[in-house]
2 protein chains.
Amino acid sequence: MNQEVTKCDCKECMLRPLFFDNIEDKDLKNVCNSKHEKSFIKGDLICEEGEEIGDFMYLKSGLVKIFKKVNHNRDQIIKIARPFDFVSMLSVFSDTHYKYSITALEDSTVCYINLSAIKKLVNNNGRFALNLLKNMSKNSDDLIDTSINISKRNLRGRIAYVLIYFAEYIYKSNTFELPVSRKEIGEFIEMTTENVIRTLSEFRKDDIIKINGKIIEITDYNRLKQICDFG
Amino acid sequence: MNQEVTKCDCKECMLRPLFFDNIEDKDLKNVCNSKHEKSFIKGDLICEEGEEIGDFMYLKSGLVKIFKKVNHNRDQIIKIARPFDFVSMLSVFSDTHYKYSITALEDSTVCYINLSAIKKLVNNNGRFALNLLKNMSKNSDDLIDTSINISKRNLRGRIAYVLIYFAEYIYKSNTFELPVSRKEIGEFIEMTTENVIRTLSEFRKDDIIKINGKIIEITDYNRLKQICDFG
DNA sequence: CGCGGCTTTGATGTTCATCAAGTAAAGTGG
DNA sequence: CCACTTTACTTGATGAACATCAAAGCCGCG
């Protein structure tokens with residue numbers, strides 16, 4: 001399943017500005033030495049609700065879903081996250097055990113930094129701490145925004161919203177392959193699998209999108225945007 | 001409306017353990033000197049979406065609602081907060097302007113600490129920073145929990161949930177006066193005013209609660225709990 | 001090959017929002 | 001302080017939006 005990979009040089013890491021801006025080289029080296037990476041393939045479980053938290057982790061590449069069990073056969077997807085999204089914020093500082101599960105939606109690489117190394121850094125480096133606070137705060141704000149954005153829309157609006165989310169935010173293209181099943185879309189935007197499918201079919205019949213299995217092409221962006229904004 | 005009040009001694013503050021545990025007396029004194037308090041009466045606007053953020057603020061006494069405009073005549077209530085709930089987390093570290101509004105649901109007192117004083121403290125005191133991180137993280141977790149708790153329930157379940165929320169969490173009593181209107185309940189738990197009223201009336205007819213205007217008495221807690229947990 | 005999970009569509013019924021209309025309560029100005 | 005206006009509350013009737021149930025095709029996997 002997942003496997004250790006050779007770790008990169010943190011100094012050169014693309015994600016450095018996220019957490020490790022304004023950090024002394026020697027501090028960064030310490031962190032870098034205490035860290036390890038794992039790669040996961042699509043579908044792999046990265047961490048599970050209830051497990052003990054040992055590391056601060058963040059997504060280096062790929063795409064993941066963060067979710068929580070609500071029923072036997074239904075999860076609630078809280079967030080679909082790329083690199084630069086703040087993955088590990090959840091519970092790390094408030095709890096000893098994960099409150100959420102994470103699985104890879106695409107092949108992904110995750111960096112693990114020992115929690116006590118992070119805490120030491122917070123202790124010693126105010127700018128690092130402030131940056132962390134900023135990221136967590138932003139993360140909270142985004143969660144609230146998403147939640148409101150979903151619940152205020154009707155079903156057509158939700159599907160339009162999620163399609164635009166994938167096109168603009170994740171893939172930056174009007175044609176993309178859905179990284180999730182119809183069921184998962186429903187678990188993200190609060191609707192049943194059947195209605196996800198039905199609404200997608202409606203959009204297809206209305207010539208707003210083309211569907212080929214998981215591949216979606218948005219052919220009438222303006223109409224879609226209009227439905228998203230309520231029309 | 002609101003007025004400045006004489007400030008208390010931070011050293012003795014009931015809320016000290018929340019933020020200012022393990023803090024040097026001289027640091028606390030600095031913070032204490034840079035802070036001020038304001039009192040608000042029920043209904044007062046404490047801060048408004050879009051305003052510039054100048055201070056880190058937290059609720060010292062009272063009860064407030066944190067909300068966001070979604071339409072002309074509908075707000076979304078994000079949180080109903082007491083002292084010890086982390087009020088000022090929102091946006092303070094991630095933005096220069098408030099993303100939410102806050103109004104007093106009961107007479108309230110708010111402490112204001114200059115943001116740069118807080119940031120200086122984060123810089124100089126790792127334990128303070130870690131504690132702040134812990135509070136923000138907890139706050140995020142709670143937001144997610146509440147959001148899921150609401151959206152997974154049907155209307156009767158939501159009303160049961162919110163009544164138990166007030167009885168257990170806010171007032172610690174089976175008899176209490178609602179601090180919010182029927183409309184506001186709807187804005188908190190995602191339902192129309194009419195259905196809030198209808199469902200409350202149903203519960204009254206079923207002898208689960210007694211209603212006298214804003215005063216609610218839970219007479220059959222077990223049934224209510226059952227409805228909350230799905231029955 | 002067959003089983004289980006994912007997808008699709010249709011038919012049906014429930015849940016909930018909307019509309020309407022009236023009462024009660026609370027704030028406003030003369 | 002009382003008429004007036006507005007806001008909160010309440011109930012019923014109606015229809016739309018959505019979930020549920022059912023049945024069948026498809027695909028990947030052991």
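Quick caveat: nothing in here was measured; it's all calculated off a predicted structure. Every chain is numbered from 1, with letters handed out A, B, ... down the list of sequences.
- Straight-line distance from the CD atom of A:Glu202 to the P atom of D:dA17: 10 Å, rounded to whole Å.
- Between A:Asp75 atom CG and A:Ile77 atom CD1 the span is 7.5 Å, to the nearest 0.5 Å.
- For the pair B:Asn73 CG and D:dT6 P, the interatomic distance rounds to 17 Å; values are reported in whole Å.
- Salt bridge annotation for A:Arg198-A:Glu194: absent, with no cationic side-chain nitrogen under 4.0 angstrom from a carboxylate oxygen.
- Distance A:Glu190 CD to C:dT15 P: 18 Å, rounded to the nearest Å.
- The phosphate of C:dC6 has neither OP1 nor OP2 within less than 4.0 Å of any side-chain N or O from A:Lys214.
- Of the side-chain N and O atoms in A:Ser181, none sit less than 4.0 angstrom from OP1 or OP2 of C:dC6.
- Rounded to 10 degrees, the angle separating the terminal axes of the helix from C:dC1-D:dG30 to C:dG30-D:dC1 is 50°, with each axis obtained from five end pairs.
- Straight-line distance from the NZ atom of A:Lys183 to the P atom of C:dG4: 16 Å, rounded to whole Å.
- Atom CD1 in A:Ile159 sits about 14 Å away from atom C1' in C:dT7, given to the nearest Å.
- Distance from the side chain of A:Thr192 is smallest for D:dA19 among the nucleotides C:dT7, C:dA17, D:dA19.
- If you measure from atom CG of B:Leu200 to atom C1' of D:dC9, you get 11 Å, rounded to the nearest angstrom.
- Counted by atom type alone, A:Tyr100 and B:Asp141 present one or more donor-acceptor pairs between their side chains at under 3.5 Å.
- Considering every non-hydrogen atom in both B:Ala160 and B:Ile227, the closest pair reads CB-CG2, 3.9 Å.
- Among the protein residues, B:Ser201 comes within range of the sugar-phosphate backbone only, with heavy atoms under 4.0 Å from sugar or phosphate atoms but none that close to a base.
- When the C1' atom of C:dT15 is taken as reference, atom CZ of B:Arg153 falls 18 Å away, rounded to whole Å.
- Residue pairs meeting the salt bridge (Lys or Arg N to Asp or Glu O under 4.0 Å) criterion with at least one partner in residues 93-111 of chain A, sequence neighbours excluded, are A:Lys99-B:Asp145.
- Look at B:Glu190 and B:Arg158 and you find no salt bridge, because none of the NZ, NE, NH1 or NH2 atoms lies under 4.0 Å from a carboxylate O.
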## Note on the structure
Its contact letters, B for base, S for sugar-phosphate only and - for none at protein heavy atoms under 4.0 Å, make nucleotides 21-29 of chain C read ---------
### Task
Could you please spell out the steps behind the side-chain hydrogen bond (donor to acceptor under 3.5 Å, both in side chains) verdict for B:Tyr221 and B:Glu168?
CA-CA 11 Å; B:Tyr221 186 87; B:Glu168 292 203 336; 2.3 Å; yes
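- OP1 or OP2 of D:dT11 has at least one side-chain nitrogen or oxygen of B:Arg204 nearer than 4.0 Å.
- A search for salt bridge (charged side-chain N to carboxylate O under 4.0 Å, His left out) contacts involving B:Lys65 returns B:Glu184, not counting sequence neighbours.
- B:Ile197 comes within 4.0 angstrom of a base, heavy atoms only.
- Taking side-chain N and O atoms only, A:Asn195 has a distance below 4.0 Å to OP1 or OP2 of D:dA19.
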At a cut-off of 3.5 Å, list every protein nitrogen or oxygen paired with a nitrogen or oxygen from nucleotides 21-30 of chain D, distance to 0.1 Å.
residue	atom	partner	partner atom	Å
D:dC21	N4	A:Glu194	OE2	3.3

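- Aromatic ring pairs are classed by plane angle as parallel below 30°, tilted from 30° to 60° and perpendicular above 60°; the pair B:Phe176 and B:Tyr171 is parallel.
- What you find for A:Met57 and A:Tyr112 is that their closest heavy atoms are SD-CE2, 3.6 Å.
- For the pair B:Ile216/B:Ile211, a side-chain contact is recorded, criterion being any heavy-atom separation below 4.5 Å from C-beta on.
- Nucleotide C:dG13 holds its C1' atom 16 Å from the CG atom of B:Asn154, rounded to whole Å.
- Residues passing the salt bridge (charged side-chain N to carboxylate O under 4.0 Å, His left out) test with A:Glu48: none are found, sequence neighbours excluded.
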